[in-house]
J.: 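This is the structure I have questions about; it appears just below.
Just so we're clear, the structure is a prediction, and the values are computed from it rather than from any experiment. Throughout, a chain's letter reflects where its sequence line sits, starting with A, and its residues are numbered from 1.
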There are 2 protein chains.
Amino acid sequence: MVSSVEIEVLRALAHPVRLGIVRKLAAEPEICACDFTDEFEVSQPTISAHLKVLREAGLVTTRRRGTTICYSLNREPLAALAADLGALSVGEGALT
Amino acid sequence: MVSSVEIEVLRALAHPVRLGIVRKLAAEPEICACDFTDEFEVSQPTISAHLKVLREAGLVTTRRRGTTICYSLNREPLAALAADLGALSVGEGALT
DNA sequence: CCACTATATAGGAAATCTACTATATAGCGG
DNA sequence: CCGCTATATAGTAGATTTCCTATATAGTGG
């Protein structure tokens with residue numbers, strides 16, 4: 001069965017800015033939203049929208065710290081997706 | 001560095017019909033295009049368009065056998081993506 | 001409370017995606 | 001060559017994505 005959650009995670013990752021955000025978050029425990037605005041060449045509201053997509057896909061969680069909001073990566077959905085794709089890549093497909 | 005090839009693979013996978021096609025192909029060495037048309041509830045040209053997306057992402061290859069065209073899965077890009085996402089899920093991020 | 005910083009939301013334009021119908025192309029069998 | 005099946009392409013409508021500017025909301029410090 002093709003999980004709609006899995007599709008949502010794939011869609012969330014399938015954008016250069018969002019995958020870039022995930023990559024940065026993978027390397028550090030927590031990053032403030034404003035750091036992403038500096039890193040990528042898009043406006044602050046655009047970054048905010050991308051972060052929302054990642055949040056709704058369950059890939060990140062937030063924590064307010066004073067004025068700023070810190071994002072951290074949820075590694076479980078990434079690991080689950082990696083495991084599933086890995087299984088497909090070695091031939092274990094179509095498990096209903 | 002965020003590879004644009006990787007983004008293309010993610011985008012190709014991020015659709016229920018295309019992921020379904022990949023799942024079916026993962027379970028069998030080769031499947032005729034017409035079998036997909038039976039399997040999914042979309043028209044033949046729509047299936048053909050989805051197969052084109054998968055082809056252009058390097059996820060499948062084709063072989064003509066008489067009138068029909070057989071699709072098979074390229075497992076390398078899937079394995080590469082799985083490995084990359086797996087690395088992210090255990091903290092190895094941002095390798096420039 | 002006011003000004004300031006950080007972040008999110010609203011509204012809208014342009015680009016892209018997804019699906020359809022109609023049609024073209026490729027190979028097979030008579 | 002003709003008709004048939006299998007697949008791809010063209011053209012197009014509608015939905016979704018992506019980005020922007022403008023504005024709202026939330027928290028901090030004077």
Side-chain angles (χ1 to χ4, degrees), chain A residues 2 4-25 28-74, chain B residues 2 4-25 28-74:
Chain A
V2 174
S4 64
V5 174
E6 192 165 46
I7 294 287
E8 194 182 8
V9 172
L10 283 165
R11 290 177 78 85
L13 294 173
H15 186 282
V17 168
R18 291 195 298 263
L19 186 54
I21 288 172
V22 167
R23 277 193 194 286
K24 280 182 71 71
L25 284 174
E28 300 182 53
E30 229 177 28
I31 301 181
C32 288
C34 63
D35 293 341
F36 298 125
T37 301
D38 300 338
E39 180 87 5
F40 300 97
E41 298 268 302
V42 290
S43 69
Q44 176 270 318
T46 296
I47 289 287
S48 185
H50 283 308
L51 287 170
K52 184 178 187 180
V53 171
L54 292 171
R55 235 160 37 225
E56 288 177 347
L59 280 166
V60 301
T61 46
T62 59
R63 181 174 74 89
R64 181 174 279 279
R65 203 177 54 186
T67 306
T68 72
I69 294 188
C70 293
Y71 280 77
S72 56
L73 186 63
N74 288 342
Chain B
V2 174
S4 64
V5 173
E6 192 165 46
I7 294 289
E8 195 182 7
V9 172
L10 283 165
R11 291 177 77 84
L13 294 174
H15 185 282
V17 168
R18 292 194 297 263
L19 186 55
I21 288 172
V22 167
R23 278 193 194 285
K24 279 183 69 72
L25 284 173
E28 301 183 52
E30 228 176 29
I31 300 180
C32 288
C34 63
D35 291 342
F36 297 126
T37 302
D38 300 339
E39 182 87 5
F40 300 98
E41 298 268 303
V42 291
S43 69
Q44 176 270 318
T46 296
I47 289 289
S48 185
H50 282 308
L51 287 170
K52 185 178 187 181
V53 172
L54 291 172
R55 235 158 38 224
E56 288 176 348
L59 281 166
V60 301
T61 47
T62 59
R63 181 175 74 88
R64 180 174 281 278
R65 204 178 53 186
T67 306
T68 73
I69 294 187
C70 293
Y71 280 78
S72 57
L73 186 64
N74 288 342

J.: Take the protein atom NZ of B:Lys52 and the nucleotide atom C1' of D:dA6, then report the distance between them rounded to whole Å.
T.: 17 Å
J.: What is the distance from atom SG of B:Cys32 to atom CZ of B:Arg63, rounded to the nearest 0.5 Å?
T.: 8.5 Å
J.: Taking only side-chain N and O atoms of B:Arg18, does any of them lie within less than 4.0 angstrom of OP1 or OP2 on C:dT18?
T.: yes
J.: Start with the C-alpha gap between B:Tyr71 and B:Asp35, add the side-chain angles, then the distance that decides, and say whether side chain to side chain contact (heavy atoms under 4.5 Å, CB included) holds.
T.: CA-CA 10 Å; B:Tyr71 280 78; B:Asp35 291 342; over 6 Å; no
J.: Can you tell me how far apart CD (A:Gln44) and CG (A:Leu51) are? Round to the nearest 0.5 Å.
T.: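 The CG atom of A:Leu51 is 9.5 Å from CD of A:Gln44, to the nearest 0.5 Å.
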J.: Whole angstroms only, please: what is the CG-P distance between B:Leu51 and D:dT7?
T.: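 Spelled out: CG on B:Leu51 to P on D:dT7 is 9 Å.
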J.: When you check the phosphate oxygens OP1 and OP2 of D:dA6, does a side-chain N or O of B:Tyr71 lie under 4.0 Å from one of them?
T.: no
J.: Could you report the tightest heavy-atom contact between A:Val9 and A:Ala57, atom names first, then the distance?
T.: CG2-O, 3.8 Å
J.: Determine: side-chain N/O of A:Arg11 to OP1/OP2 of D:dT17, distance under 4.0 Å, yes or no.
T.: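 True: A:Arg11 side-chain N/O within range (under 4.0 Å) of D:dT17 OP1/OP2.
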J.: Please give me every residue in residues 32-46 of chain A whose heavy atoms get under 4.0 Å of an atom in DNA chain D, ordered by residue number.
T.: A:Val42, A:Ser43, A:Pro45, A:Thr46
J.: Mind running a 4.0 Å heavy-atom check of residues 54-70 of chain B against DNA chain D and sending the residues that fall below it, in number order?
T.: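 Contacts with DNA chain D under 4.0 Å: B:Arg55, B:Thr67, B:Thr68, B:Ile69.
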J.: Begin from the C-alpha positions of A:Phe40 and A:Ile21 and carry the test side chain to side chain contact (heavy atoms under 4.5 Å, CB included) through to its verdict.
T.: CA-CA 9 Å; A:Phe40 300 97; A:Ile21 288 172; 3.7 Å; yes
J.: Looking at A:His15, I'd like to know whether one of its side-chain N or O atoms comes within less than 4.0 Å of OP1 or OP2 on D:dC19.
T.: yes
J.: Check whether any side-chain N or O of A:Arg18 sits under 3.5 Å from a backbone N or O of A:His50 as a donor-acceptor pair, and report yes or no.
T.: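 No; zero donor-acceptor contacts below 3.5 Å.
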J.: How many angstroms lie between CG in B:Leu54 and CG in B:Leu13, if you round to the nearest 0.5 Å?
T.: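 That separation rounds to 7.5 Å.
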J.: Does B:His50 place a side-chain N or O at less than 4.0 Å from the phosphate oxygens OP1/OP2 of D:dT7?
T.: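 The answer is no; no side-chain N or O of B:His50 sits under 4.0 Å from OP1 or OP2.
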J.: Would you check if the side chain of B:Arg64 reaches a backbone N or O of B:Gly66 as a donor-acceptor pair within less than 3.5 Å?
T.: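 Yes.
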